[in-house]
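Data first, discussion second: the structure below is written as C-alpha cells.
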Amino acid sequence: MDQTSSDVKGSASGPGGTGGARDTWGSKAGFILAAAGSAVGLGNIWGFPTVAAQNGGAAFLLVYLGCVIFIGAPVMLAELTIGRHTQRNPVGAFRALAPGRSWIAVGALGVIAGVVILSFYSVIAGWTIAYIFKTLSGAFPPGADTTAIFASVAGSPTAAITYHMIFMVITIAVVVGGVRGGIERWTKVLMPGLAVLLLLLVARAVTLSGAGAGLSFYLNPDFSQITGSVFLAAAGQAFFSLSLGMGAMITYGSYISKKDDLVSSALAVTVFDTAIAVFAGLLIFPTLFHAGMDPTASGPGMVFVVLTSLLGTIPPAPWGGTVFGSMFFVLLFIAALTSSISLLEVGTAYLVDEKKFTRKKAAWLLGVVAFVLGIPSALANGAVPWLTSLPGIGMDFLSFLFTVFGQYALVVGALFISVFTAWIWGTKAAGDEVRANDGRFPLGRTWTFLIRFVCPIAIVLILINLIQALI
Ligand code: PHE
C-alpha cells in the first residue's frame, strides 16, 4: 500500500478499524464526529452571525435554511459518495471517475481554495487563542470596552501574526501526526460540550434587556429584504459551514467504511452543523441589540466584540463571565482546529497520493504557504489602513478573501460537483455506491431530483445574479 494508506491506517483506525485496502474511521460514530468536526467551526459561530447581520437577519436565516436543505444536504451526500467510491483525494477522485477529462480542475480548485481559506481561517482562530487568555485574566467585567480590547488583539501586528502562527503550527502538527484517532476522541467531548455551553449562553442572552428586538431581527423576516445577493450569501455561507464545494467531504468520505450508511451520516452532520449555527444567532443577536450596536455595520470582529460584552452579565459576579467565557473560547479553539485540519488535509492528501510527497513535507509546505498568505489578513483589522479598507472595494482584506474563496469559490465548486455526480458519473452509479452497505437508499428519488435539477439550476441562477451585479 502506498504512503497515505499506511499513514491513515496507523492513525485513523480506532479500535474498530477494518484494516481493509484503505483505512477507515474507527466506527461510524467516529466518522460522523470527524465530519462534524470539520463542519462545525468558526463558520458557525463567527461566519454565520456576521453574514446574517449583513444580510437582513431573519430573511437571511430563512433563505439559509432553504439552501441547507435543498442544496447543501444533497451535495454533502454527493461528496461523501464520490469519496467512498474512489477512496481518493479530490483530484484523484475526479481522475478515477472521468479519466483524461478536465474535471480534475475541480479537484485542483478545491486544493487551492483549501489553502486560501486556511490562510485567513488561522488568523481568526488565532484571535480565539488570544481571547482564551483575555477571558482567563478577567478582562471583561461589566462595562468593559470590548471594541478596544478587540482592537488591541487584531489591530496589533505582533499579536495578530504571532497567534496566527501558533494556530498554523498546531494545525500542521496535527495533520503531520495523522492523529485522526485524536480528532475522534476530541470531537466526542467537544461537540456536546460546545452545544451545552452555547445553550447556557443563549439562555443568558435572551433574558437580557432589549433582547426582544434582537430576536425579532433574527426570527421575524422582512420579506422585502430577500434579494439575489441574500441568496448568494446564504448559499455561500451554507457551503462554507458544511465544508462543501472544495473536496473536504470527498477526502473525509474516502475513509468511510463500505459498511456504513452514507445517507444517515450526511443528514446527521448537516443537521448538527445547522443547529449550532442557528444557536449562535440566538446568542449573538439579542446580545448585539442589548449592547445597542448596529448589525449592518458588522465586520470580522463583530462576534468577538458582541460575545465578550455578554460576559460581564453572567452570574455569579465577578467570576461567572471568566469561567463561561474562557470555556467558550477553549471550545471554539478546538472547533476551529478540527476544521482547519480538514482544510489542510485536502491539499496534503493530494500531494501525498498524487505527487508522492511524504505527509510531513506536504503538510509543512502547504501550511507555510497558508501562513504567509494569511499575513495580509492578519494585518487587515486595523494594523494596516489600506488592508483594513481595500481601495476601490471598501472591504477589509480578510473579508475579501472570505467572500471570494470562502463563499464564491465554494458555490462554483459545488455546482461542478453536483453536475459531475448527476450527469457525468451518473446518479445510477452513485446510487449503487450509496446502497453498498445494505442495499437501501432512503430518499433516493428525492436526492436524484435535487442533485440533477434543483442544485445545478439554483446555483446557476445565483451565479447569473452575481455576474449581473458585477457588470
Ligand atoms: N466548515 C468549517 C467551519 O464552519 C470551515 C471549512 C470550510 C472547513 C470548508 C473545511 C472546508 O468553520
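When a ligand or atom number is given, it counts from 1 through the structure's own listing order. The residues of the chain are indexed from 1 along the displayed sequence. None of the values given here were measured: they were computed from a predicted structure.
Distances between N or O atoms of Asp273 and those of ligand 1 include no value under 3.5 Å. Note: an N/O pair closer than 3.5 Å links Phe240 and ligand 1 by distance alone. Taking any N or O of Ala248, backbone or side chain, none lies under 3.5 Å from an N or O belonging to ligand 1. For ligand 1, the polar-atom distance check finds an N/O of Ala39 within less than 3.5 Å of one of the ligand's N/O atoms. Considering backbone and side-chain atoms together, Ser342 places no N or O closer than 3.5 Å to any N or O of ligand 1.
Side-chain contact of Ser326 with Thr135: a donor-acceptor pair under 3.5 Å is absent, judged by distance alone.
Of all atoms in ligand 1, listed by their number and element, those nearer than 4.0 Å to a heavy atom of Met246 are 9 (C), 11 (C). Residue-ligand proximity, Gly41 to ligand 1, at heavy-atom distances under 4.0 Å covers atoms 3 (C), 4 (O), 12 (O). Short contacts between ligand 1 and Ser241, defined as distances under 4.0 Å to a heavy atom of the residue, involve ligand atoms 1 (N), 4 (O). Distances below 4.0 Å separate heavy atoms of Leu42 from the following atoms of ligand 1: 12 (O). Contact atoms of ligand 1 toward Asn44: 4 (O) (distance under 4.0 Å to a heavy atom of the residue). Those atoms of ligand 1 that come under 4.0 Å of a heavy atom in Leu343, given as number and element, are 8 (C), 9 (C), 10 (C), 11 (C).
Using a 4.5 Å heavy-atom cutoff, the side chains of Leu267 and Ser264 are not in contact. Side chains of Asn465 and Leu232 form no contact here, defined as non-hydrogen atoms less than 4.5 Å apart.
For atom 2 (C) of ligand 1, the closest heavy atom belonging to the protein is Ser38 O, 3.3 Å. Residue, atom and distance of the protein heavy atom nearest to atom 12 (O) of ligand 1 are Tyr121 OH, 2.4 Å. Closest to atom 8 (C) of ligand 1, if we only count protein heavy atoms, is Ser243 OG, 3.2 Å.
Ring centers of Phe304 and Trp127: under 6.0 Å apart, within the cut-off. Taking the six-membered ring for Trp and the full ring otherwise, the centers of Phe420 and Trp103 sit less than 6.0 Å from each other.
Ser254 contributes no side-chain N or O that, together with a main-chain N or O of Gln87, makes up a donor-acceptor pair within less than 3.5 Å. For Asn55 (side chain) and Ala52 (main-chain N/O), no donor-acceptor pair under 3.5 Å exists by modelled atom type.
In this structure, Arg95 pairs ionically with Glu354, as a charged nitrogen and a carboxylate oxygen lie closer than 4.0 Å. A salt bridge links Arg359 with Glu345; the closest basic N to acidic carboxylate O contact falls under 4.0 Å.
Classification of the Phe402-Phe120 ring pair by plane angle, with boundaries at 30° and 60°, yields perpendicular.
The closest approach between Trp46 and ligand 1 stays at or above 4.0 Å for every heavy atom of the residue.
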